[in-house]
Structures are given as structure tokens and as C-alpha cells.
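Below: the structure, in C-alpha cells.
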There are 2 protein chains.
Amino acid sequence: MHTVKEAAHITGLTEHAVRFYTDKGLVPSVRRDKNNVRMFDEEAVNWLHGIKCLKQSGMPIEAIRTYVELCLEGDSTIPQRAALMKAHKEAALAKLEEAKRHIAHLEQKTALYQAILEHRMPDTTNPATWSDIRHMHSDVFYAPVAGRA
Amino acid sequence: MHTVKEAAHITGLTEHAVRFYTDKGLVPSVRRDKNNVRMFDEEAVNWLHGIKCLKQSGMPIEAIRTYVELCLEGDSTIPQRAALMKAHKEAALAKLEEAKRHIAHLEQKTALYQAILEHRMPDTTNPATWSDIRHMHSDVFYAPVAGRA
DNA sequence: GCTTGCCTTCGTGTAACACGAAGGCTTTAA
DNA sequence: TTAAAGCCTTCGTGTTACACGAAGGCAAGC
């Protein structure tokens, strides 16, 4: 049995988050002791891990609660749960792909900055390189176009 | 020149978000016409793309604003910008890795559900498979352990 | 001249916590 | 035995990044 603090430490969540989740009904197996203190068994800690996974992959709390309740209803809800989880997985995959594109962009940007710092600046007078440069949103080589104060 | 609506459509942001960003000073090159209407040139649209990239990769608005202001200050801030961007890129990469782990977990979960739906249920009486099964947080094969109503 | 459609500002609502205050229990330490 | 240390509790406000709706302005078309 673990306290809030321990459960938080094990799962890598904050104590605030752990209390928040339990109070929202996301952790079915949490009990209270005689002093009204939340007690987490291994089952509860597993739920916290699962909740963390779902949440960090983009599922909102309310959806997680729906899922948890379906689990509590027993085997008859397995088809619904399967569909729900599959949909979520695909949404998460889509986000992952977008994240990769963003990272690629950030890589370009850092590479460009690095080139400047190493005095290997691209030739801004050569039109052939302009598209690359402009692709970086102009903020490195071009002053903000239209005025400011 | 584009209106808010057009800029939103081009960048895939909502109109609300576009107004929000401009009002927060994240888009330097936005002007107003005689009717006080926001006008976005290509430069501004590029900024919006960049902001979207930074934001979706986890940079908070305030940090983006700091970055934008450094850009406006000219070449002398390039070292700071380079450092800032590199740090952000690495943070984003770390998140990407975590996201991949979450996705792997979701893959397992959907696969397990799929197996059940296809009546290829793992042998829950065979201790050799238990760790895999329990790894799914028990919510598929095990009723929630400690009571409920 | 009136509707349509876009824009404006303003103000409240939302999600998912973070954080601090005020207080209760139990354990240790003098 | 009393006092301080550490947990825990609930409660309540603060934060971020918008979403959404209301109320109204201006320009264009019919």
C-alpha cells in the first residue's frame, strides 16, 4: 500500500495530479484508511500508469473516465473499449507524425543558426538559396519587413 | 494581403488563435487597414507557421514572445536565439521519444483487444503469459480488484 | 435601405492542473 | 506530556491558451 506521495513518486506524476485523478474517479481501486487517507495498492498504481499514458498521448480526462467506467462494467463493453482505444491510438499516431515534421523544422532552424555561428553563412545574395532561407520564416536573415516603432 | 479568416485557413489555425497570437504581439508584421482590420502579408503568414510549429512542439506563448522580440532586436541576438532554439529542439525530441513509448503501449493494448474480439484470447490460466497480461493494467482480463458498490 | 458577411472588442467559460492556506492525525524527541 | 515534524486532508484562487458568444461597425450587393 502506498500513500499519495509514494504513488506520485512511482508513477512520475505530481501529488497534485494524483489527488486530482483519484478525485475525478479515474482510479477505481483506491481506498481510504480510517483517517480518510488515500491508499494505493499495485492495482491503483497500474491504473495511474495507464492514465498517464492515455493522458500524455492526448486523451482528455473525461474520455479517460468514460473508458474507466466501461472497464468497470465488465466484459460486455470490450467491443466499445476496443474501438475507443483503436481510435485513440490512431489519433496519437497522427500527432506523432506531425510532431516529427515539427522536429524536422526545428532541426533545420538550429542547423541554420549553427552555420551562422560558425561563420558559414549561406550566401544571401545568391537567389538559388533563397527558398531555403525564406523557409526559415525570414527571422534569421531578414529584418521584420514592415515597420515597427 | 490576407484577412484573419484567410490567414487562419492557410495556416490551419483557428481565427480565435490567430487573433490571440497577434494581440499577444507574436506576429510582428501585422498591420491594420483604415477600418482597423488586421492585414496579413506573406511575412505574417510565415510567422504564423513558425509560431504554430513552436507552439505545437511545446513552447509556451511567453517563450515564443521572447524569441520574437529577440528576432526584432537584430543580429546581435543570434547567439541567444541559437541557444534557445537548440534547447527547445532537444526538449521536443525528448517528448517525441516519450510519445513513441506511449504509442507502443497503445499498440499492445489495441492488439490485445483485437485478439479478444477474434476469440484468440491468451490463456489466462497459463502463468507464462501473466506478465504480458498484467502489463496491460489488468483492465481487460481482470475485474477491478478491490471492491466497488 | 436593408440584409449579409466579415470584421472588431469585450467578457465569461473551460481544462488540467499548480499552489498556498488552514487544519487534523500520528509519530518522534525532549 | 507536550511540542514540533511530517504527512495527509479540503478549499479556494491562479494560470495557460484558447473557445465561444454577445454586441456592434463597416462595406457590398440587391
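Heavy-atom basis, side chains included; hydrogens, waters and symmetry copies ignored. Sequence lines set the chain letters: A, B, ... in the order given, protein chains first and strands last, and positions in each chain run from 1.
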- Task: Return no unless some side-chain N or O of A:Arg32 is found under 4.0 Å from OP1 or OP2 of C:dC25.
- Result: no
- Task: Report which part of the nucleic acid B:Arg19 touches: base, sugar-phosphate, or nothing (heavy-atom distance under 4.0 Å, all strands).
- Result: base
- Separation of C:dC17 P from A:Ile61 CD1 (nearest whole Å): 5 Å
- Item | Short side-chain N/O contact from B:Asn35 to OP1 or OP2 of D:dA27, under 4.0 Å | yes
- Item | Value in whole Å for how far the P atom of D:dC11 lies from CG of A:Asn36 | 11 Å
- Note on the structure: Taking every heavy atom of B:Thr22 against every heavy atom of B:Val30, the minimum-distance pair comes out as CG2-CG2, 4.0 Å
- Rounded distance (Å) that lies between atom P of D:dA19 and atom CD of B:Glu15: 11 Å
- Message: Output the rounded distance in Å from NE2 (A:His9) to P (D:dC7).
- Response: 13 Å
- Message: Is the phosphate of C:dC7 approached by B:Thr3 (side-chain N or O, under 4.0 Å from OP1 or OP2)?
- Response: yes
- Looking at B:Lys52, does any N or O in its side chain come under 4.0 Å of the phosphate oxygens OP1/OP2 on D:dA17? no
- Per atom distances to the B:Ala17 side chain, the nearest of C:dT8, D:dA19, C:dA16 is D:dA19
- 5'-most by nearest nucleotide on DNA chain D - B:Glu62 or B:His16: B:Glu62
- Report yes if a side-chain nitrogen or oxygen of B:Thr14 is closer than 4.0 Å to either non-bridging phosphate oxygen (OP1 or OP2) of D:dC18; otherwise report no. no
- Taking NZ, NE, NH1 and NH2 as the nitrogens, is one of them in B:Arg101 or B:Glu97 under 4.0 Å from a carboxylate oxygen of the other? no
- Message: Less than 4.0 angstrom between a side-chain N/O of A:Tyr21 and OP1 or OP2 of C:dA16, yes or no?
- Response: no
- Under-4.0 Å side-chain N/O to phosphate OP1/OP2 contact, A:Lys55 with C:dC17: yes
- Query: Side-chain N or O of A:Arg38 less than 4.0 angstrom from OP1 or OP2 on D:dC8?
  - Reply: no
- Task: Specify the closest pair of heavy atoms between B:Gly74 and B:Arg81, including all atoms of both residues, with the distance to one decimal.
- Result: O-NH2, 2.9 Å
- Ranking C:dC7, D:dC8, C:dA16 by distance to the side chain of A:Pro60, first place goes to C:dA16
- Message: Nearest to the A:Phe20 side chain among C:dC17, C:dT8, D:dC8, which nucleotide is it?
- Response: C:dC17
- Which part of the nucleic acid, if any, lies within contact of A:Lys24, taking any heavy atom under 4.0 Å across all strands shown: a base, the sugar-phosphate backbone alone, or nothing? nothing
- Query: Between the side chains of A:Glu15 and A:His9, is a donor N or O closer than 3.5 angstrom to an acceptor N or O?
  - Reply: no
- Message: Classify A:Glu6 by what it touches in the nucleic acid, base, sugar-phosphate, or nothing, heavy-atom distance under 4.0 Å.
- Response: nothing
- Expressed in angstrom and rounded to an integer, what is the separation of B:Asp23 atom CG from C:dG11 atom C1'? 14 Å
- Query: Between C:dC6 atom C1' and B:Asp33 atom CG, what is the distance in whole Å?
  - Reply: 12 Å
- What is the minimum heavy-atom distance between B:Ser57 and B:His88, and which atoms define it? OG-NE2, 2.8 Å
- Query: Could you give the CE-to-C1' distance, from A:Met1 to D:dC8, as a whole number of Å?
  - Reply: 17 Å
- Item | Separation of atom CE in A:Met59 from atom P in C:dA16, rounded to whole Å | 12 Å
- Task: Please indicate whether A:Lys52 has more than 12 foreign heavy atoms, meaning atoms of other residues, nucleotides or ligands, lying under 6.0 Å from its NZ.
- Result: yes
